[in-house]
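Here's the structure, in structure tokens; my notes come after.
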Number of protein chains: 2
Amino acid sequence: MGATLKDVAALANVHPSTVSRVLRNVENLKISEDTKERIFKAIKELNYQPDQTARSLRLKKSFTIGLIIPNVASPYFIGIARSLDAECTKEGYTLIISDTNENQEKEIKAVYDLYSRGVDGLVIAPVQDSDEHIKDLIDKKFPFVLIDRYFEKYDTNAVICNDKESAYNAVKHLIDLGHKRIGFISGRPNLYPVVERLEGYKNVLEENNLEFNQDLIFSSSPTLDDAYEASIKLMELPVPPTAILITGTIITFGVLKAIIEKKKTVPKDLSIIAFTDTILASYFMSPVSTVSHKVDEIGTKAFEILFEHMKSDDLPYSKVVIDTNFVDRNSTAKANI
Amino acid sequence: MGATLKDVAALANVHPSTVSRVLRNVENLKISEDTKERIFKAIKELNYQPDQTARSLRLKKSFTIGLIIPNVASPYFIGIARSLDAECTKEGYTLIISDTNENQEKEIKAVYDLYSRGVDGLVIAPVQDSDEHIKDLIDKKFPFVLIDRYFEKYDTNAVICNDKESAYNAVKHLIDLGHKRIGFISGRPNLYPVVERLEGYKNVLEENNLEFNQDLIFSSSPTLDDAYEASIKLMELPVPPTAILITGTIITFGVLKAIIEKKKTVPKDLSIIAFTDTILASYFMSPVSTVSHKVDEIGTKAFEILFEHMKSDDLPYSKVVIDTNFVDRNSTAKANI
DNA sequence: ACGATTGGCACAATCGATTGTTTACACAGT
DNA sequence: ACTGTGTAAACAATCGATTGTGCCAATCGT
């Protein structure tokens, strides 16, 4: 495209290597002021921009990090992306976001694509339908950090949330209000956070001597429509639940749609608590109390770990658990018994 | 990292150039089946992945496209990003999304960063506080397409919406319902779409013999808080407006917040129409009628134009206008006169 | 049987930047 | 005058893949 090192060197009447050293400001460098000036003048005159591709090739480093997430439309993942991006910028890295749309094939393609493009590290929220590509990264000792989701079978870097405990607490809140039939609507059941949340849900029921009822559990795809269907089914049960734990932002919209259609009033007719907070939760048809994730912290921590692992390959893996906040917006009330 | 062409060549007992040709499936290629087989076997054995950085350097082409948007948290821009990403994938390109957060400096940095990283083209929704970097791209004959926003002073590729007409129609809808005092709340007034929408707003007032009143106009930052403040001011006017045209998704939330706080009922007390539709609009405190943009079409069209311009440098620039849909959700009613 | 064709592959330059090693020269010390 | 030291900059290899050109042998045509 534009001017190259060579062009600058020619104009300044020096060797390209000299220009390079001046630009990179190599230590212990002995270059006369006169030469430096000529070089800087030439750079300005030619509007020289170093070719990062060439640099990357030579340095085997691209100053680029890949982020692979299942849904760029999700406020949760976008929050993480923003915070990660901010950290990257601080350190002079560029973030490449890849959206897999919860599709395993796309994720695998994204991993190899980004790897092949020479990113220095990866942050991945995996689809969790398969994991050989993850294993491959481990074998290659390629620096990466999993976020939100985690494979129990592999030791890797990971930044996850205390989903089990959060679900436990949320359901405890409902139980304390007198609810005994509590619905659970989530995305795909194989996702780590879903597994954990369901586990927390089961634990708290058991501890409070409430029976676990499979009819109240719906785990399907993380789409609005499926969540809507699930909610309708829940509400049409002979004895419907008096409260619902919702785990997912988009899923929340599906539930709201059903609530509107069934003309239920929250929290009078139905108490709900949703996982994953968004700025929007206040403006819904009925504001929703949520379990809020500290997206900034997730992004910051993930970058921190990744950055360390990019610098040296023999670090032990870190697994960090970030806790959540409960944001009460009065979408829960005492059960009508 | 992994194996290189050379390694594959050595294992297959051929010259690297031969491997390259086999891989790229060069036309009119004469390579014996035997050799091909040895090469493929070696590739598999070494798990060879071509180094895209090296390819890019040599080919002066990275199969990468940059997207620069002011806000990755905006459903509108994310919608465009997704559609663009889909198109890129179809053609074997990788999309790099850069978020400027409506910050001009960041945008300039992003442009030069991506350029320097060798993207083959750019799609930009500019901040519009300055434009020298845009001019620079024009001078360099670098392929790029503006979206949503446009500089009247430059001839460039652009995919924009018929904002003027859309605003005209939306306000006409309100006027037909008997509204005479119609507020206008928007983001930064220098943005092309804002200028256009205000123009449409003014035109329709004039054509209907209604007076333009500066007190009803609020253009500031595209934040929830500023929009909230503006709404409060509007509602506290001695004679407040009976309807509001809102231009922006986040801004809509700000207005909703004010509406909730002022305990207004939509559309009984106040009619509203918001620009930029989102799947969420149905689930707000009060559903909002919106002007919906065809984000898919914007992304598709932008890619199409960019793709053409990446192939040949002497094409005339295209400016495409995408029209909008009005989605009625009953947030407007007859004015109480 | 001998030059011409072509199939099958190797050679080497190249993309642009980086960096270990040399070179060229000035000057100081003896 | 000659060696030694240090400064300032040039030289050349390298990262990995691509591609125009060149080369050798086998086959073809007459």
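Everything numeric in this text was worked out from a predicted model, so none of it was measured.
At the phosphate of D:dT18, OP1 or OP2 sits under 4.0 Å from a side-chain N or O atom of B:Ser20. For the pair B:Lys30 and C:dG7, the criterion of a side-chain N or O lying under 4.0 Å from OP1 or OP2 is met. Side-chain N/O atoms of B:Arg24 include none lying less than 4.0 angstrom from OP1 or OP2 on D:dA17. OP1 or OP2 of C:dC9 has at least one side-chain nitrogen or oxygen of B:Ser32 nearer than 4.0 Å. A:Arg55 has a side-chain polar atom (N or O) that falls below the 4.0 Å cut-off from OP1 or OP2 of C:dT18. Taking only side-chain nitrogens and oxygens, B:Thr18 comes nearer than 4.0 Å to OP1 or OP2 of C:dA10. Look at B:Lys60 and you'll find a side-chain N or O under 4.0 angstrom from OP1 or OP2 of C:dG16.
In this structure, CZ of B:Arg21 is placed 12 Å from P of D:dT21, rounded to the nearest angstrom. We find that CG of B:Leu5 is positioned 13 Å from P of D:dC15, with the value rounded to whole Å. Separating the CD1 atom of A:Ile43 from the C1' atom of C:dA17 is a distance of 13 Å, rounded to the nearest angstrom. Regarding B:Lys6, its NZ atom lies at a distance of 15 Å from the P atom of C:dA10, rounded to whole Å. The distance between atom NE2 of B:His15 and atom C1' of D:dG16, rounded to the nearest whole Å, is 13 Å. For the pair B:Ile31 CD1 and C:dA10 C1', the interatomic distance rounds to 11 Å; values are reported in whole Å. The separation between A:Ile39 atom CD1 and C:dT18 atom P is 13 Å, rounded to whole Å. The interatomic distance linking A:Leu23 (CG) with D:dA9 (C1') rounds to 16 Å, in whole Å.
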Base-pair string, DNA chain D, Watson-Crick plus G-U, cut-off 3.5 Å on both distances, | for inter-strand, is ||||||||||||||||||||||||||||||
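Within 3.5 Å, no donor on the side chain of B:Arg117 pairs with an acceptor on the base of C:dG16, nor the reverse. Side-chain atoms of B:Ser17 come within donor-acceptor range of the base of C:dC11, with a qualifying N/O pair under 3.5 Å.
Using a 4.0 Å cut-off between charged side-chain N and carboxylate O, A:Asp296 and A:Arg82 make no salt bridge. A salt bridge links B:Lys301 with B:Glu304: the distance from a Lys NZ or Arg NE/NH1/NH2 to an Asp or Glu carboxylate oxygen falls below 4.0 Å. The pair A:Arg117-B:Asp51 does not meet the salt-bridge criterion, since no charged nitrogen lies less than 4.0 angstrom from a carboxylate oxygen. Salt-bridge annotation for A:Lys106 and A:Asp99: absent, with no side-chain N of the basic residue lying under 4.0 Å from a carboxylate O of the acidic one.
Checking B:Asp148 against B:Tyr192 by side-chain atom types alone, no donor-acceptor pair falls below 3.5 Å. Looking at A:Thr53 and A:Ser56, their side chains never bring a donor and an acceptor atom within 3.5 Å of each other.
The A:Ala54 side chain lies nearest to C:dG16 when the options are C:dG16, C:dT19, D:dA17. For A:Arg58, the side-chain atoms get nearest to C:dG16 when compared with the rest of C:dT14, C:dG16, D:dA10.
Residue B:Val14 is classed as a sugar-phosphate contact, given heavy-atom separations below 4.0 Å to backbone atoms only. Among the heavy atoms of the strands, none lies under 4.0 Å from B:Asp34. At a threshold of 4.0 angstrom between heavy atoms, the contacts of A:Asn13 are confined to the sugar-phosphate backbone, with no base atom among them.
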Could you walk me through whether B:Lys141 and B:Asp313 pass the salt bridge (Lys or Arg N to Asp or Glu O under 4.0 Å) test, one step at a time?
-> CA-CA 7 Å; B:Lys141 296 202 159 225; B:Asp313 11 326; over 6 Å; no
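A:His133 and A:Tyr112 have their aromatic ring centers separated by at least 6.0 angstrom.
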